[in-house]
**Student:** 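This is the structure, below, for whatever I ask next.
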Amino acid sequence: MTFEHFAIGTGIVLLFLMIPAMLRIVKGPTALDRIVAVNVIGTKTAVLLVVIGVVFERVEMFVDFALAYALLNFTGSIAAARYLHRAAQRGGDAPTGEEEA
Amino acid sequence: MIVTILSILLIVTGLVFFLGAAVGLMRFPDFYCRMHAAGKGDTLSSLLVVSGFALYQLNDIRDFPSDWPVLLVILKLLAVVTFIYLTSPTSTSALADAGWEDGIDPVIEPGHENHLEDDCRKPPVSSPQP
């Protein structure tokens with residue numbers, strides 16, 4: 001058993017750990033629950049890209065992808081948080097408040 | 001060899017923390033509890049797993065001056081670690097603030113008061129004058 005097999009196993013475990021976050025996206029009672037779950041999946045994807053780079057022995061290429069993906073993930077969650085914050089402070093009906101789904 | 005064992009140890013610890021984050025995200029009763037589990041677990045476990053892979057890259061350095069690109073890869077992996085370490089708590093804080101302003105109430109046990117109820121939540125601003 002080489003380190004590549006271990007890396008493949010790590011990737012598979014990461015993939016299976018995305019399932020609870022996916023269920024939380026489907027279930028989550030508020031919109032912010034879904035955003036948190038998307039954030040979790042994005043962080044796991046950034047780690048998974050590093051794992052893929054180790055498996056294919058091209059880490060020097062995939063690490064750039066991981067960095068860019070982490071940056072996009074951060075920007076997306078900050079934008080969603082600012083949007084909901086402003087919408088709540090305006091006092092109007094935010095299109096994504098507490099929705100009893 | 002010892003480097004490989006250490007990196008495997010780091011990665012397995014990181015996966016355990018990922019499992020904790022996933023279970024917490026699934027089972028906690030409340031938005032803030034779920035955000036607590038997701039934020040902390042994800043930050044620490046990403047740090048551990050990526051640091052483990054960065055440590056494993058040390059095996060590729062056989063003679064130093066000619067193998068300098070590996071050192072660049074390790075620096076980039078540490079840059080990913082630093083970036084996640086800085087941004088994940090920031091986004092967690094921003095999302096929790098947005099949730100509080102959005103009116104999501106925490107689950108309080110009966111018999112306890114929500115002391116933050118009247119202090120922190122700003123009254124809604126009336127519609128701005130044109």
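Both backbone and side-chain heavy atoms feed into the values below; hydrogens, waters and symmetry mates do not.
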**Student:** With hydrophobic residues grouped by side-chain heavy-atom distances under 4.5 Å, do B/Leu86 and B/Leu75 end up in a single group?
**Tutor:**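 No; B/Leu75 is not reachable from B/Leu86 via cluster members.
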**Student:** Could you give the distance from CZ (B/Phe28) to CZ (A/Arg24), rounded to the nearest 0.5 Å?
**Tutor:**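 That separation rounds to 11.0 Å.
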**Student:** Select one option (side chain, backbone, both, neither) describing which atoms of B/Leu72 are under 4.5 Å from chain A's heavy atoms.
**Tutor:**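 It is neither, since no heavy atom gets under 4.5 Å.
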**Student:** Can you pull the ring-ring contact (aromatic ring centres under 6.0 Å, His included) pairs that have at least one residue in residues 25-63 of chain A, sequence neighbours excluded?
**Tutor:**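 For residues 25-63 of chain A: A/Phe62-A/Phe65.
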**Student:** Less than 4.5 Å to any heavy atom of chain B: does that hold for the side chain of A/Val54, its backbone, both, or neither?
**Tutor:**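 Side chain only.
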**Student:** Which atoms of B/Ser88 come close to chain A, meaning under 4.5 Å heavy atom to heavy atom: side chain ones, backbone ones, both, or neither?
**Tutor:**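 When you check distances to chain A, no heavy atom of B/Ser88 falls under 4.5 Å.
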**Student:** Do you know which of B/Ile8, B/Val49, B/Asp60 has the most heavy-atom pairs under 4.5 Å to chain A?
**Tutor:**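 Answer, by heavy-atom pair count under 4.5 Å with chain A: B/Ile8.
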**Student:** Could you tell me which non-hydrogen atom of A/Arg82 sits nearest to which non-hydrogen atom of B/Ala94, and how far apart they are?
**Tutor:**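 Looking at all heavy atoms of both residues, the closest pair is NH2-CB, 4.2 Å.
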**Student:** For chain B, find which of A/Met18, A/Glu60, A/Lys44 contributes the most heavy-atom pairs closer than 4.5 angstrom.
**Tutor:**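 Highest number of heavy-atom pairs under 4.5 Å: A/Lys44.
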**Student:** Testing the basics here: between A/His85 and B/Glu101, what is the closest heavy-atom pair and its distance to 0.1 Å?
**Tutor:**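 Closest pair (atom of A/His85, atom of B/Glu101, distance): NE2-CG, 3.3 Å.
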**Student:** Do the side chains of A/Ile41 and A/Leu71 join up, straight or via other hydrophobic residues, at under 4.5 Å, putting them in one cluster?
**Tutor:**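 Linked, A/Ile41 and A/Leu71 end up in one cluster.
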**Student:** Please determine whether the number of non-hydrogen atoms from other residues, nucleotides or ligands lying under 6.0 Å from atom CZ of B/Phe17 exceeds 12.
**Tutor:**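 No.
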**Student:** Under the criterion side chain to side chain contact (heavy atoms under 4.5 Å, CB included), I'd like the reasoning laid out for A/Val36 against B/Arg34: C-alpha separation, chi angles, the key distance, then a yes or no.
**Tutor:** CA-CA 8 Å; A/Val36 172; B/Arg34 287 195 282 261; 5.9 Å; no
**Student:** Determine the option with the most heavy-atom pairs under 4.5 angstrom with chain A, choosing from B/Leu77, B/Ile11, B/Asp42, B/Val73.
**Tutor:**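 The option with the most such pairs is B/Asp42.
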**Student:** In terms of heavy-atom proximity below 4.5 Å to chain A, should B/Val80 be classed as side chain, backbone, both, or neither?
**Tutor:**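 Both backbone and side chain.
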**Student:** Does a sphere of radius 6.0 Å around CE in A/Met22 hold more than 12 heavy atoms from other residues, nucleotides or ligands, not counting ones at 6.0 Å or beyond?
**Tutor:**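 Open: at most 12 neighbouring heavy atoms sit under 6.0 Å from CE of A/Met22.
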**Student:** Identify the heavy atoms of B/Ser91 and A/Asn39 that sit nearest to each other, and give their distance.
**Tutor:**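 Taking every non-hydrogen atom into account, OG-ND2, 3.3 Å.
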**Student:** Looking at B/Val12, B/Leu19, B/Thr43, B/Ile84, which has the largest count of heavy-atom pairs under 4.5 Å with chain A?
**Tutor:**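 Between B/Val12, B/Leu19, B/Thr43, B/Ile84, the count favours B/Leu19.
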**Student:** Any link between B/Met1 and A/Phe3 through a network of hydrophobic side chains (Ile, Leu, Val, Met, Phe, Trp, Tyr) touching at under 4.5 Å?
**Tutor:**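 No, B/Met1 and A/Phe3 fall in different hydrophobic clusters.
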**Student:** Sort A/Ile19 into side chain, backbone, both or neither according to what part of it lies under 4.5 angstrom from a heavy atom of chain B.
**Tutor:**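 For A/Ile19, there is no contact with chain B at all, as no heavy atom is under 4.5 Å.
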**Student:** Among the clusters formed by ILVMFWY side chains lying less than 4.5 Å apart, do B/Val16 and B/Leu48 turn up in the same one?
**Tutor:**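 No, B/Val16 and B/Leu48 fall in different hydrophobic clusters.
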**Student:** Does a side-chain heavy-atom distance below 4.5 Å link B/Leu25 with A/Pro20?
**Tutor:**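 Not in contact.
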**Student:** Shorter than 4.5 Å, heavy atoms on both sides: which option in A/Val50, A/Leu23, A/Asp33 has the most such pairs with chain B?
**Tutor:**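 The option with the most such pairs is A/Asp33.
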**Student:** May I ask you to test the A/Leu67-B/Lys76 pair for a side-chain heavy-atom distance under 4.5 Å?
**Tutor:**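 Counting from C-beta outward, A/Leu67 and B/Lys76 never come under 4.5 Å.
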**Student:** Report, in residue-number order, which members of residues 73-80 of chain A are under 4.5 Å from chain B by heavy-atom distance.
**Tutor:**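 Counting heavy atoms that sit under 4.5 Å from chain B, the residues of residues 73-80 of chain A involved are A/Phe74, A/Ser77, A/Ile78.
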**Student:** Give a yes or no on whether A/Leu14 and B/Leu9 share a hydrophobic cluster (residues Ile, Leu, Val, Met, Phe, Trp, Tyr; joining criterion: side-chain heavy atoms under 4.5 Å apart).
**Tutor:**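 No, it is not one cluster - the side chains of A/Leu14 and B/Leu9 are not joined through contacts under 4.5 Å.
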**Student:** Rounded to the nearest 0.5 Å, how far apart are CG of B/Leu15 and CG of A/Leu17?
**Tutor:**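 B/Leu15 atom CG to A/Leu17 atom CG measures 7.0 Å (nearest 0.5 Å).
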**Student:** Nearest heavy-atom pair of A/Leu32 and B/Gly99: which atoms, and what distance?
**Tutor:**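 Smallest heavy-atom distance, with atoms named: CD1-CA, 3.2 Å.
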**Student:** Go through the atoms of B/Phe31 and report whether side chain, backbone, both or neither lie under 4.5 Å from a heavy atom of chain A.
**Tutor:**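 Both the backbone and the side chain of B/Phe31 come within 4.5 Å of chain A.
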**Student:** Which region of B/Phe83, side chain (C-beta onward) or backbone (N, CA, C, O), has a non-hydrogen atom less than 4.5 Å from a non-hydrogen atom of chain A, or is it both or neither?
**Tutor:**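 For B/Phe83, side-chain heavy atoms alone lie under 4.5 Å from chain A.
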**Student:** If you look at every heavy atom in B/Ala38 and A/Val40, which pair is closest and at what distance?
**Tutor:**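 The pair with the smallest heavy-atom distance is CB-CG2, 3.6 Å.
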